[in-house]
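Keep in mind that the numbers below use all heavy atoms, side chains included, and drop hydrogens, waters and symmetry copies. Letters A, B, ... mirror the listed sequences (proteins, then strands); counts begin at 1. Computed from a prediction, not measured in an experiment: that's the story for all the values here.
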Protein chains: 2
Amino acid sequence: MAPESTRERILDTAEELFAAHGIQGTSLRALTRRAEVNLAAVHYYFGSKDGLLDAVVGRRAEALNAERSQDLERLIGEASADGPRAEAILEAYFRPVIAYMCEQEARGRQATVARLLARIEAEPPDVLGALIRRHFGELSARYLEALQAALPHLPPEQVAERFRFAAALLTQLLSGNLELDVIPGHPPHEASVTERAQHAIAFILAGLRSPAIATIALQDDPCKRADAGTDNPALDRLAKRAISQ
Amino acid sequence: MAPESTRERILDTAEELFAAHGIQGTSLRALTRRAEVNLAAVHYYFGSKDGLLDAVVGRRAEALNAERSQDLERLIGEASADGPRAEAILEAYFRPVIAYMCEQEARGRQATVARLLARIEAEPPDVLGALIRRHFGELSARYLEALQAALPHLPPEQVAERFRFAAALLTQLLSGNLELDVIPGHPPHEASVTERAQHAIAFILAGLRSPAIATIALQDDPCKRADAGTDNPALDRLAKRAISQ
DNA sequence: TCAGGGATCAAACGTCCGTTTGAAACGGCC
DNA sequence: GGCCGTTTCAAACGGACGTTTGATCCCTGA
């Protein structure tokens with residue numbers, strides 16, 4: 001309704017199309033046609049397609065990071081000397097993204113950022129790594145450190161690893177891939193964004209909280225053995241030991 | 001060393017390049033150049049690029065499904081009348097993929113299938129959904145049903161949802177994205193495939209086992225409210241309730 | 001020996017890509 | 001009004017894409 005600027009129309013449309021068809025799957029021609037903008041405008045404002053991608057991610061990341069940063073500060077301020085609890089940290093990490101999705105869903109629009117983030121995960125590792133690090137690295141580190149403080153009985157590296165699991169699952173949750181009906185006879189349960197997030201948070205929290213895993217002597221590791229064979233009973237034993245509580 | 005057939009060379013190279021650069025990011029020209037095969041051979045053998053993708057996935061899916069199917073049958077046969085335990089089922093679901101990655105890693109090669117599966121996740125939903133359903137749907141249903149039997153205290157839909165979480169996490173684990181160094185000051189812990197898989201299994205199992213989540217009245221759901229606003233205390237309460245154990 | 005069919009090949013098809021160009025339109029300020 | 005910097009525009013650039021074609025090779029079976 002409000003006449004958006006050309007720059008914003010490009011960003012909005014790029015976000016939508018990148019999310020829907022991937023970055024490589026979105027041509028600037030289709031993008032500018034849909035945005036009702038001249039083709040050359042993309043290069044005028046963003047220099048290149050890569051520059052556009054960075055701007056699209058950056059715009060959302062800035063808002064998201066501001067909210068997350070504020071939430072984390074508040075948590076730390078309100079908490080006891082031990083620092084905030086793990087579930088509070090995790091919830092603060094999820095909340096801004098979920099809230100945004102709620103908002104978009106309430107307006108009947110696709111939650112595009114979310115899918116976009118998942119699409120980015122599929123970019124070549126160099127592009128992906130640089131992009132994520134630049135836009136989300138610093139704040140992720142602060143959240144991770146808060147989590148490590150909240151879970152002092154776990155080795156920090158294991159908290160870090162599990163935090164990565166959590167972030168990966170959040171990404172998948174946002175991507176919409178979890179809502180695809182791929183298991184015949186078991187269609188995904190219809191639920192609101194909040195419900196789905198709830199369930200994911202509960203799932204992740206249980207994983208975060210689970211007892212530490214003892215490091216296993218590497219000579220048992222079938223990956224390190226010279227004769228990595230066909231059927232591998234050692235791996236079975238190994239995995240069984242890993243999941244014994 | 002053994003002179004591979006043209007068809008196989010195409011499949012191998014496609015698997016490798018699709019995994020490394022995505023499907024859209026891989027041109028048939030680059031593919032056939034690397035495979036030292038004529039450009040037209042792709043269409044001769046597979047009809048189209050999509051046909052090639054299907055064949056690439058199908059070749060691995062067939063082997064993987066055979067192993068998984070056999071493992072599941074053996075589990076069911078060995079188990080008591082109650083059926084196999086959840087961790088055994090989960091382990092059987094992971095084992096063939098992990099074993100393949102071990103094998104590839106031992107040979108110093110990239111575990112390409114793995115990354116490929118993750119790349120596929122980034123395809124447009126229609127293509128993705130059809131592909132996954134065709135190649136992995138039936139067996140996933142059998143695993144899910146075994147899991148539901150092993151976790152009778154949980155509502156089947158929640159087991160299904162958590163099974164989706166597990167599969168999503170396995171995909172991410174395989175994609176290699178979890179090994180990217182994106183959190184400054186907290187580089188990922190170097191570990192073998194087996195170790196990483198171990199940790200993921202433990203994480204997932206804790207989530208699978210966690211108590212059921214009570215369904216919450218929808219009128220509390222901020223997503224359903226007419227005035228989905230900016231800052232949302234109801235969401236906070238909701239999420240907090242979800243993660244209270 | 002030679003026909004025949006699967007396999008391979010170079011070349012071209014039309015289309016779309018990201019990017020660049022240079023000129024036209026716009027808007028505020030002297 | 002005349003100017004200048006910003007923004008918009010149509011058109012074209014060279015190149016890469018997926019796909020198709022028709023000729024050529026090679027090998028087997030009669």
Between atom CG in A:N38 and atom C1' in C:dA25, what is the gap in whole Å? 13 Å
B:Y143 (side chain) donor-acceptor with B:R68 (main chain) under 3.5 angstrom: yes
Is a donor on one side and an acceptor on the other found under 3.5 Å between the side chain of B:R29 and the backbone of B:L39? no
Would you indicate what A:F46 reaches in the nucleic acid, counting non-hydrogen atoms under 4.0 angstrom: base, sugar-phosphate, or nothing? nothing
Checking A:E161 against B:H199 for the side chain to side chain donor-acceptor pair (under 3.5 Å) test, could you report, in this order, the C-alpha distance in whole Å, the side-chain angles of both residues, the deciding distance, and whether it holds? CA-CA 8 Å; A:E161 187 178 39; B:H199 295 187; 2.4 Å; yes
Taking only Lys NZ, Arg NE, NH1 and NH2, and the carboxylate oxygens of Asp or Glu, determine whether A:R59 and A:D12 approach each other closer than 4.0 Å. yes
How long is the line joining CD of B:E36 and C1' of C:dT8, in whole Å? 15 Å
Would you mind reading off the distance between A:Q24 atom CD and D:dA16 atom P, rounded to a whole angstrom? 15 Å
Atom CD of A:E8 and atom C1' of D:dT7 are separated, to the nearest Å, by 15 Å
Assign B:T32 to base, sugar-phosphate, or nothing according to its heavy-atom contacts below 4.0 angstrom with the strands shown. nothing
Identify the two heavy atoms, one from B:L178 and one from B:L173, that lie closest to each other, and give their separation to 0.1 Å. CD1-CA, 3.6 Å
Quick note, A:S48 side chain, CB onward, closest among C:dT19, D:dT8, D:dT20 is C:dT19
Looking at A:S27, I'd like to know whether one of its side-chain N or O atoms comes within less than 4.0 Å of OP1 or OP2 on C:dC16. no
Would you mind telling me which residue lines up with the more 5' stretch of DNA chain D, B:A30 or A:Y45, judged by nearest nucleotide? A:Y45
Using whole Å, report how far CG of A:L39 lies from C1' of C:dT21. 12 Å
Rounding to a whole Å, what distance do you find between B:K49:NZ and C:dC16:P? 16 Å
Looking only at C:dT19, D:dC9, C:dA7, the nucleotide nearest the A:H43 side chain is C:dT19
Please report, rounded to the nearest Å, how far the C1' atom of D:dT19 is from the CG atom of B:D50. 13 Å
DNA chain C: B:R29 or A:L28, which has the more 5' nearest nucleotide? B:R29
Are B:T6 and C:dT8 close enough that a side-chain N or O sits under 4.0 Å from OP1 or OP2? yes
Just the rounded figure in Å: distance from C1' of C:dG18 to CD1 of A:I23. 15 Å
